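I have placed the structure first, in the form of structure tokens, so that the comments after it can refer back to it.
In what follows, every chain begins at residue 1, and chains take the letters A, B, ... in the order their sequences are listed. As the structure is a prediction and not an experimental result, all values here were calculated from the model.
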Number of protein chains: 2
Amino acid sequence: MATHKREEFTAEEQELAAVAKALGHPARVAIVRLLARRRACVCGELVLELPLSQSTVSQHLKELKAAGLVQGEVDGPRVCYCLSPTGWARARQLLDGLLAELPAADYAC
Amino acid sequence: MATHKREEFTAEEQELAAVAKALGHPARVAIVRLLARRRACVCGELVLELPLSQSTVSQHLKELKAAGLVQGEVDGPRVCYCLSPTGWARARQLLDGLLAELPAADYAC
DNA sequence: TTTGCTTATCGTCGATTTACGATTGCAAAG
DNA sequence: CTTTGCAATCGTAAATCGACGATAAGCAAA
């Protein structure tokens, strides 16, 4: 029995869905906002700021990294995270693309 | 054992995450795009256009409706779906809000 | 090398998602 | 009233998610 059929959609749809999915959890939205505010590359500080354990935060970071929205660089014993400019440029493009496809405002059933 | 901690984030973060999550599947992105193109309220036509069964499409529509992005109205034996102007206005607001928080482009680790 | 700190990964558990067929529900038509 | 057709819901199964503690891995300093 097939449980997933993602392959049957366009590459753009999959890409947009992947970005959206990465943002589809409050913790990951919060992480992005934290990284945006203190644009310096925090790392374990995220754990302090979030009501989650270290391993959970690490998991969320991994997903954001997989979606290309976040970069991490090793800096001695700690890891330096920051938002990925290219990843967010693409995300913007995809989101704006979708929003641009929507009818203006005068639609109804 | 706690499996979900959504409660610990701001209302906006949760709201944005909910919208993103609704868009976090290629089928739902495809549905939104279909509804945007043929702004007329299709219904079972979606099933014809998508590589998914009727029940699966119905499930996805339910999730989009729960996220406030889609409206459905019964019209005789069929159901008429269309995008929700207010829902998308809010979605735009939330997404733009997040994108506006991000540093311009000159950031790096 | 050993210690200590930071982060990643592993293993686990329950909850949720994704998908389907089958069934139910409902409204118009006959 | 019964049939017909469309859509929602139910039940189910596999996969993924979300969270945690525990453990491993990496690096710097002692």
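- Comparing atom distances between the A:Pro77 side chain and each of C:dA22, D:dA28, D:dA19 picks out D:dA28 as nearest.
- When the P atom of C:dT18 is taken as reference, atom CD of A:Gln14 falls 14 Å away, rounded to whole Å.
- Atoms CG (B:Leu50) and P (C:dC20) sit 11 Å apart, rounded to a whole Å.
- Considering only side-chain N and O atoms, A:Lys21 lies under 4.0 angstrom from the phosphate OP1 or OP2 of D:dC17.
- A tilted orientation is assigned to the rings of A:His60 and A:His25, their planes being inclined by 30° to 60°.
- Checked against D:dA8, D:dC20, C:dA19, the side chain of A:Thr56 finds its nearest nucleotide in D:dC20.
- Across every non-hydrogen atom of B:Pro85 and B:Gln71, the tightest pair is CD-OE1, 4.3 Å.
- The 5' end of DNA chain C is approached more closely, in terms of each residue's nearest nucleotide, by A:Val47 than by the other of B:His60 and A:Val47.
- Among the heavy atoms of the strands lying under 4.0 Å from B:Gln54 is at least one base atom, whether or not backbone atoms are also near.
- In this structure, A:Gln71 atom CD and C:dT7 atom P are separated by 17 Å, rounded to whole Å.
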Take B:Val32 and B:Leu64 through the side chain to side chain contact (heavy atoms under 4.5 Å, CB included) test and state the conclusion after the steps.
CA-CA 9 Å; B:Val32 166; B:Leu64 287 168; 4.1 Å; yes
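- For A:Arg78, taking side-chain heavy atoms from C-beta onward, the closest of the listed nucleotides D:dT9, C:dT7, D:dG21 is C:dT7.
- Here the side chain of B:His25 is nearest to one of C:dC5, D:dA19, C:dT18, namely C:dT18.
- Taking atom CG of A:Leu23 as the reference point, atom C1' of D:dG18 lies 17 Å away to the nearest angstrom.
- If you measure from atom OH of A:Tyr81 to atom C1' of C:dA8, you get 8 Å, rounded to the nearest angstrom.
- Note: CG (A:Leu61) to P (D:dA19) measures 13 Å, nearest angstrom.
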Run the side chain to side chain contact (heavy atoms under 4.5 Å, CB included) test on A:Glu15 and A:Leu94 for me, step by step, so that the C-alpha distance in whole Å, both residues' side-chain angles and the decisive distance to 0.1 Å come before the verdict.
CA-CA 8 Å; A:Glu15 216 181 335; A:Leu94 290 165; 4.0 Å; yes
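- Taking the side chain of A:Ser53 as heavy atoms from C-beta on, and the options D:dG26, C:dT18, D:dG21, the nearest nucleotide is D:dG21.
- For the pair A:Glu45 and A:Arg38, the salt-bridge criterion is met [side-chain N within less than 4.0 Å of a carboxylate O].
- Out of D:dC20, C:dT9, D:dT9, the shortest distance to the side chain of A:Lys62 is found at C:dT9.
- In this structure, the nucleotide among D:dA8, D:dG26, C:dT7 sitting nearest to the side chain of B:Val79 is D:dA8.
- Comparing A:Val74 and B:Lys65 by the nucleotide of DNA chain D that holds the closest heavy atom to each, the one mapping nearer the 5' end is B:Lys65.
- The interatomic distance linking B:Gln59 (CD) with D:dA8 (C1') rounds to 9 Å, in whole Å.
- Rounded to an integer number of Å, the gap from A:Phe9 CZ to C:dA19 C1' is 11 Å.
- Side chain of A:Leu52, nearest nucleotide from D:dC27, C:dA8, D:dA19: D:dA19.
- Salt bridge status for A:Glu13 with B:Arg33: present, with a side-chain N to carboxylate O gap under 4.0 Å.
- Among the nucleotides C:dT18, C:dC20, C:dA8, the one closest to the side chain of B:Arg28 is C:dT18.
- The phosphate of D:dA8 (OP1 or OP2) has a side-chain N or O of B:Ser58 nearer than 4.0 angstrom.
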